[in-house]
Amino acid sequence: MSGEMIHPDIRMAQTLPSRFYTAPEEFKRLKGAFNGWQFVAHAAELEANTVLPVGHMEAMTGEPILLVKGEDTRCLSNICTHRGMRLVPEPCAKSTLQCRYHGRTFDLDGTLRHMPEFEQAIGFPSKADHLHRFPLQRWMGLYFTAMEDAPLLPWDMLEKRLGFLTPEAFTYDPSRDRDHTVEANWMLYVDNYLEGFHIPYVHPELNQALDYAGYETETFEGGVLQLGKAVEGDVMFDLPPGHPDEGQAIAAYYLWLFPNMMFNFYPWGLSVNIVIPVSPTTCRVLYRGYVRDDELALQGAGSVLDTVEHQDQWVIEEVQKSMASTVYDRGRYSPTREQGVHHFHRMIDRFLS
Ligand code: FES
Ligand SMILES: [Fe+2]
């Protein structure tokens, strides 16, 4: 496939053909896009428990992993190197990891410490007997790992915009956890996220809190940043002097990282959405909430999250049904309102070629 399935000029480009939202072959080819950097957890999730099995990574990549807090926090395989038992079933604060099958024990850095009945084994232990270690990147208190070599994301550029919020100090609020199954291809969820074009039509409540005319979309290598502007008198960020967006009434920063991660920064804190592909026509969306200032959570663009979510799910499930049509295949992009969707489709195009 050429790199030009999606024309680089948005004014001429057509959207992704509908088979990408329905066909099992395309679904399978795109699974590899999930092997790059993926959100694991926020540092606050390692406060009560120091060993955290991360279930969503397995759902996306097939690899069960552990996040382990220490002087040097690590991302380890959660598979016992003996005969493959799942090592840690749930979050804990243990100081060694003992397999429940035959007692193999590991230190928290993944080194094999003890194995019964192996005195006569030759060449044991070897490197393969320690737990596999995956790369781990920490950015403003958020941990990311990757299943294969992946180019680094523009963390510095993003930190200049968002670092003033000190997200590393946010607290984890499990009451905000959600796990929704949506009857739509994961890319329809992303497409919808990447434009504010639909806000006046689909989200009447949110539309009252946001200044639609001022909505901005910025694309960069690896993602998209959207800026929601506050209407007069509503809650907005208190931007420090010298901030790149100083003087603007910003109600929300919506950051998307390829292919499936959404970080929604509001004055009250951060809401994260992780989209997990399940089948060509089904995905799961996990929500996590990290709080900066609880009192602000009832005001402005960040206060109507559940309502907005249901409205989005309704619209993309409707679109999914249409993807099976024999008369609809591709649409066109609004050059002023759908730059994010176009950017995403270009990335998909490049990934496939
Ligand atoms: S599988 Fe873990 S000790 Fe045997
Ligand atoms: Fe929406």
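One-based numbering, in listed order, for ligands and for the atoms of each. Given the structure is predicted, the values throughout are model-derived calculations rather than measurements. Below, all heavy atoms of this structure are taken into account, side chains as well, without hydrogens, waters or symmetry copies.
- By the criterion of a separation under 2.8 Å, the protein N/O/S atoms near atom 2 (Fe) of ligand 1 amount to C80 SG, C99 SG.
- A donor-acceptor pair under 3.5 Å is formed between the side chain of D349 and the backbone N or O of I6.
- Here the side chains of H42 and F170 are in contact, with some heavy-atom distance below 4.5 Å.
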(request) Kindly indicate, with the supporting measurements, whether the criterion side-chain contact (heavy atoms from CB on, under 4.5 Å) is fulfilled by M157 and E221. (result) CA-CA 11 Å; M157 178 279 279; E221 199 58 49; over 6 Å; no

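- Side-chain contact between H345 and Y333 is present, with heavy atoms from C-beta onward closer than 4.5 Å.
- At a threshold of 4.5 Å between side-chain heavy atoms, the hydrophobic network of Ile, Leu, Val, Met, Phe, Trp and Tyr places F27 and L352 in one connected group.
- A side-chain N or O of Y287 and one of E309 form a donor-acceptor pair less than 3.5 Å apart.
- Ring-centre distance between W256 and F263: not below the 6.0 Å cut-off.
- The six-membered or imidazole ring of F164 lies near that of H243, with a centre-to-centre distance under 6.0 Å.
- Although no hydrogens or angles enter the test, the distance criterion places no donor-acceptor pair under 3.5 Å between the side chain of N35 and the main chain of E148.
- With waters neither drawn nor counted, the protein N/O/S atoms under 2.8 Å from the Fe ion (ligand 2) amount to 4.
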